[in-house]
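This report concerns only the one structure given below.
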Amino acid sequence: MSDCIFCRIVNGEIPSTRVYEDDLVLAFEDIHPMAPVHCIVVPKIHIATLMDVTSDLMPYVGAMTAAAQEVAKRKGISEKGFRTVINCNAEGGQVVFHLHMHVLGGRKLRDELG
Ligand code: AMP
Ligand code: ZN
């Protein structure tokens with residue numbers, strides 16, 4: 001979707017600091033980090049919300065999980081611990097309507113994104 005900010009990051013129209021990438025997903029630094037480590041993992045196709053993940057799209061969700069593991073390793077927080085968050089729709093706090101997983105860590109977390 002040409003008007004979707006995360007699609008534009010995926011296709012390089014909007015700059016980002018890439019942390020991990022494979023055929024299915026991209027991970028990049030959040031522009032407004034809420035913790036010392038705050039990355040965003042997105043599928044490389046436009047899926048609006050978690051509720052739009054149908055069975056044929058499940059490989060993207062698996063790839064997002066594997067990417068979160070890789071981000072945690074690369075950022076040095078896999079052993080200390082971290083948090084993954086997927087906000088869904090308005091009351092879930094979703095602002096960008098392209099499915100994404102937050103990866104947060106680097107300090108003791110409280111109720112960020114709550
Ligand atoms: P959510 O509230 O779950 O939709 O989170 C959207 C996240 O995307 C927020 O943490 C924003 O800081 C982040 N974000 C928005 N625009 C950009 C951007 N251009 N580059 C990186 N992160 C962004
Ligand atoms: Zn999109």
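All ligand and atom numbering here is 1-based and tracks the order in the structure.
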inquiry  = If we ignore hydrogens and angles and just use 3.5 Å, is the side chain of Gln94 paired with the main-chain N or O of Ala48 as donor and acceptor?
reply    = yes

task = State, yes or no, whether a side-chain contact exists between Lys75 and Val103 at a heavy-atom distance under 4.5 Å.
result = no

inquiry  = Judged on heavy-atom distance to atom 18 (C) of ligand 1, which of Ile40, Ile9, Val42 sits nearest?
reply    = Ile9

note = dist Ile47:CD1 -> Met64:CE (nearest 0.5 Å) comes out at 7.5 Å

inquiry  = Which of the numbered atoms in ligand 1 are under 4.0 angstrom from any heavy atom belonging to Ile5?
reply    = 16 (N), 19 (N)

request  = Could you tell me whether Val85 approaches ligand 1 through its side chain, its backbone, both or neither, with non-hydrogen atoms closer than 4.0 Å?
outcome  = neither

Where ligand 1 meets His32 - atom numbers and elements under 4.0 angstrom, heavy-atom basis = 12 (O)

ask   = Should the pair Phe28 and Phe6 be assigned to parallel (<30°), tilted (30 to 60°) or perpendicular (>60°) ring geometry?
value = perpendicular

ask   = Does Gly93, backbone or side chain, put an N or O under 3.5 Å from an N or O of ligand 1?
value = yes

query = Any non-hydrogen atom of Phe6 lying under 4.0 Å from ligand 1?
reply = yes

task = Hey, could you give me the CD1/CD1 distance between Ile31 and Ile14, rounded to the nearest 0.5 Å?
result = 9.0 Å

request  = Examine distances only and state if a side-chain atom of Lys44 and a backbone atom of Asp22 form a donor-acceptor pair shorter than 3.5 Å.
outcome  = yes

task = Check whether any heavy atom of Ser16 sits under 4.0 Å from an atom of ligand 1.
result = no

request  = Measure across Ala35 and Leu109 and return the closest heavy-atom pair with its distance rounded to 0.1 Å.
outcome  = CB-CD2, 4.1 Å

query = Non-hydrogen atoms of Ile86 versus ligand 1: any pair closer than 4.0 Å?
reply = no

Distance, nearest 0.5 Å, that separates CG of Asp52 from NE2 of His98 = 11.5 Å

message = Side chain, backbone, both or neither: which applies to Asn87 and ligand 1 if a contact is any heavy-atom pair less than 4.0 Å apart?
response = side chain

Vertex the Zn ion (ligand 2), rays to SG in Cys4 and SG in Cys7 - rounded to 10° = 120°

query = For ligand 1, which atoms have a heavy atom of Glu29 less than 4.0 angstrom away?
reply = 21 (C)

message = So if I count the atoms of ligand 1 from 1 in the order they appear, which ones are less than 4.0 Å from some heavy atom of Val95?
response = 1 (P), 2 (O), 4 (O)

message = Tell me the angle that ND1 of His98 and ND1 of His46 form around the Zn ion (ligand 2), rounded to 10°.
response = 110°

message = Under a 4.0 angstrom heavy-atom cut-off, which atoms of ligand 1 come close to Phe28?
response = 21 (C), 22 (N)

inquiry  = Would the distance check show the side chain of Arg83 and the main-chain N or O of His102 forming a donor-acceptor pair, the cut-off being under 3.5 Å?
reply    = no

key: N or O pair under 3.5 Å between His100 and ligand 1   = yes

ask   = With atoms numbered from 1 as shown, which atoms in ligand 1 lie under 4.0 angstrom from a non-hydrogen atom of His102?
value = 1 (P), 3 (O), 5 (O), 7 (C), 10 (O)

ask   = Leu99 pairs by side chain to side chain contact (heavy atoms under 4.5 Å, CB included) with which of Val53, Ile45, Val41, Val42?
value = Val53

Contact with ligand 1 for Met34, non-hydrogen, under 4.0 angstrom = no

message = Please check whether His38 reaches ligand 1 - meaning an N/O of the residue sits under 3.5 Å from an N/O of the ligand, judged on distance alone.
response = no

ask   = Considering residues, nucleotides and ligands other than Asp56, do more than 12 of their heavy atoms fall under 6.0 Å from its CG?
value = yes

